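Values reported hereafter were calculated over all heavy atoms of this structure, with side chains retained and with hydrogens, waters and symmetry mates removed. For clarity, every value in this text was computed on a predicted model and none was experimentally measured.
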Amino acid sequence: MRIARFSIDGNVAFGAVEGDKQDELVLDIIKGIPFADYELSGTKVPVSKVRLLPPVLPNKVVAFGRNYAEHARELGNEVPDAPFAFFKPSTSVIGPGDDIQYPPFSQELHHEAELAVVIGRMCREVPRERVQDVILGYTCANDVTARDVQKREKQWARAKGFDTSCPLGPWVETDLDLATASDLTVQLTVNGEQRQLGRTSEMIHSIEDLVVNITEAMTLLPGDVILTGTPAGVGPLNVGDEVAVTIEGIGTLTNKVVKRG
């Protein structure tokens, strides 16, 4: 099931996305929330009549860096022996169609297409064999990065945590199991030109590795998001660019870059 979060007439709700053609998609409004018992209402509304929001509002976004060997090498970094985590704040999250605001303190903004794991239940110290049980589903993400600030400041809080630096969407796909999610095509285009192309099977540390690693240290809450790393091909974004992340079996997340002001 594809679960979207949306706004219509000032109200926010979740809905199950139905249909295959973009201009014919409809939402069956959900009674309740996807992190607990819910049912479909049977009340349907065309996607074209609503504003899609970030599919979840995470308490925290846990991101893992340098999890694709070629990406680590393209930036001149060593491939880490263990998962390498950092955080993006909840205020960095935006949804499909929302603007990425170019931060005034950077001159080198980069795109990073990523598979995002959405947590479905509160969990801590998750054993490898239970990882599937704590995952609600998967969505597309763009770990937008102020690369010059990242290099200059070393600590990544401002470089990767600024407002609008974490587009998520367009919805959460709940029908992918771990085996399928571990071998999906991830691609990114800028103004229709392909910049990144890889597969989640190229990850150094698997989805299970990442969930086990972070829950050894902290509790994850329903709606929290794990970013699993980006394949090679990261590069610059400029004001006016349209950037699109497409992940096989999930969908396409599109955002435009604007000047903050």
Side-chain angles (χ1 to χ4, degrees), residues 1-5 14 17 34-35 52-68 71 83-98 100 111-121 123 126 131-132 134-145 160-161 164-178 180-188 196 198-203 205-211 213-215 220-231 234 243-255:
M1 180 182 293
R2 294 168 292 173
I3 299 177
R5 181 171 162 270
F14 289 95
V17 183
F35 309 109
L52 290 181
L53 302 173
V56 290
L57 286 179
N59 174 272
K60 54 187 169 293
V61 177
V62 183
F64 285 90
R66 303 170 186 169
N67 199 30
Y68 288 72
H71 167 60
F84 180 80
F86 60 95
F87 294 96
K88 295 173 83 81
S90 59
T91 47
S92 69
V93 173
I94 58 174
D98 291 340
I100 298 167
H111 55 75
E112 295 191 9
E114 309 208 8
L115 174 71
V117 180
V118 179
I119 298 300
R121 54 185 288 187
C123 57
V126 180
V131 167
Q132 179 70 64
V134 305
I135 295 174
L136 174 68
Y138 303 87
T139 192
C140 306
N142 192 346
D143 176 20
V144 184
T145 302
K160 287 178 171 284
T164 75
S165 67
C166 190
L168 296 175
W171 41 64
V172 178
E173 175 56 73
T174 66
D175 285 343
L176 297 175
D177 59 22
L178 271 170
T180 304
S182 298
D183 191 21
L184 300 174
T185 300
V186 178
Q187 60 181 318
L188 179 143
Q196 291 184 264
R199 297 193 69 83
T200 55
S201 55
E202 299 167 5
M203 285 193 282
H205 304 290
S206 68
I207 295 168
E208 295 98 319
D209 292 336
L210 304 183
V211 173
N213 175 271
I214 199 62
T215 62
L220 297 181
L221 301 176
D224 280 350
V225 170
I226 296 174
L227 303 189
T228 58
T230 192
V234 302
V243 55
V245 177
T246 300
I247 299 181
E248 178 186 2
I250 299 176
T252 299
L253 167 68
T254 303
N255 302 90

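In this structure, the side chain of T230 engages the main chain of A113 through a donor-acceptor pair within 3.5 Å. With hydrogens and angles disregarded, no donor-acceptor distance shorter than 3.5 Å links the side chain of T185 to the backbone of E248. T174 places no side-chain N or O within 3.5 Å of a backbone atom of V172 that could act as its donor or acceptor partner. Proximity of a side-chain donor or acceptor of Q196 to a complementary backbone N or O of L188 within less than 3.5 Å is not detected. Between the side chain of S92 and the backbone N or O of S165, no donor-acceptor pair lies under 3.5 Å. No donor-acceptor distance shorter than 3.5 angstrom exists from the side chain of N67 to the backbone of M203, with no hydrogens or angles considered. In this structure a side-chain-to-backbone donor-acceptor pair under 3.5 Å is missing from R5 to L53. A donor-acceptor pair is defined here as one N or O able to donate and one able to accept, closer than 3.5 Å; such a pair exists between the side chain of T139 and the backbone of W171. Judged purely by atom type and a 3.5 angstrom limit, N142 has no side-chain atom pairing as donor or acceptor with the backbone of H111. Side chain of E112 to main chain of V144: no donor-acceptor pair is present (N/O by atom type, distance under 3.5 Å, no hydrogens or angles).
For the atom pair CG of L168 and CD of E114, the computed distance is 10.5 Å after rounding to the nearest 0.5 Å. Here the CD1-CG distance, from I214 to D209, works out to 13.0 Å after rounding to the nearest 0.5 Å. Note that CD1 of I94 is 8.5 Å distant from SG of C166, once rounded to the nearest 0.5 Å. A distance of 10.0 Å separates OG1 of T180 from CG of D175, quoted to the nearest 0.5 Å.
Of all heavy-atom pairs spanning L253 and C140, the tightest one is CD2-O, 3.6 Å.
No option in V93, N255, T254 other than N255 meets the side chain to side chain contact (heavy atoms under 4.5 Å, CB included) test with D98.
Residues passing the ring-ring contact (aromatic ring centres under 6.0 Å, His included) test with F84 are W156, sequence neighbours excluded. By the side-chain hydrogen bond (donor to acceptor under 3.5 Å, both in side chains) test, Q187 is found to be paired with no residue, residues two or more places apart in sequence or in another chain being considered.
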Problem - Verdict with reasoning, V234 to T145, per side-chain contact (heavy atoms from CB on, under 4.5 Å) - result: CA-CA 10 Å; V234 302; T145 302; over 6 Å; no

Practice task
Could you go through the side-chain contact (heavy atoms from CB on, under 4.5 Å) check for F86 and K160 one step at a time?
Solution key: CA-CA 9 Å; F86 60 95; K160 287 178 171 284; 3.2 Å; yes

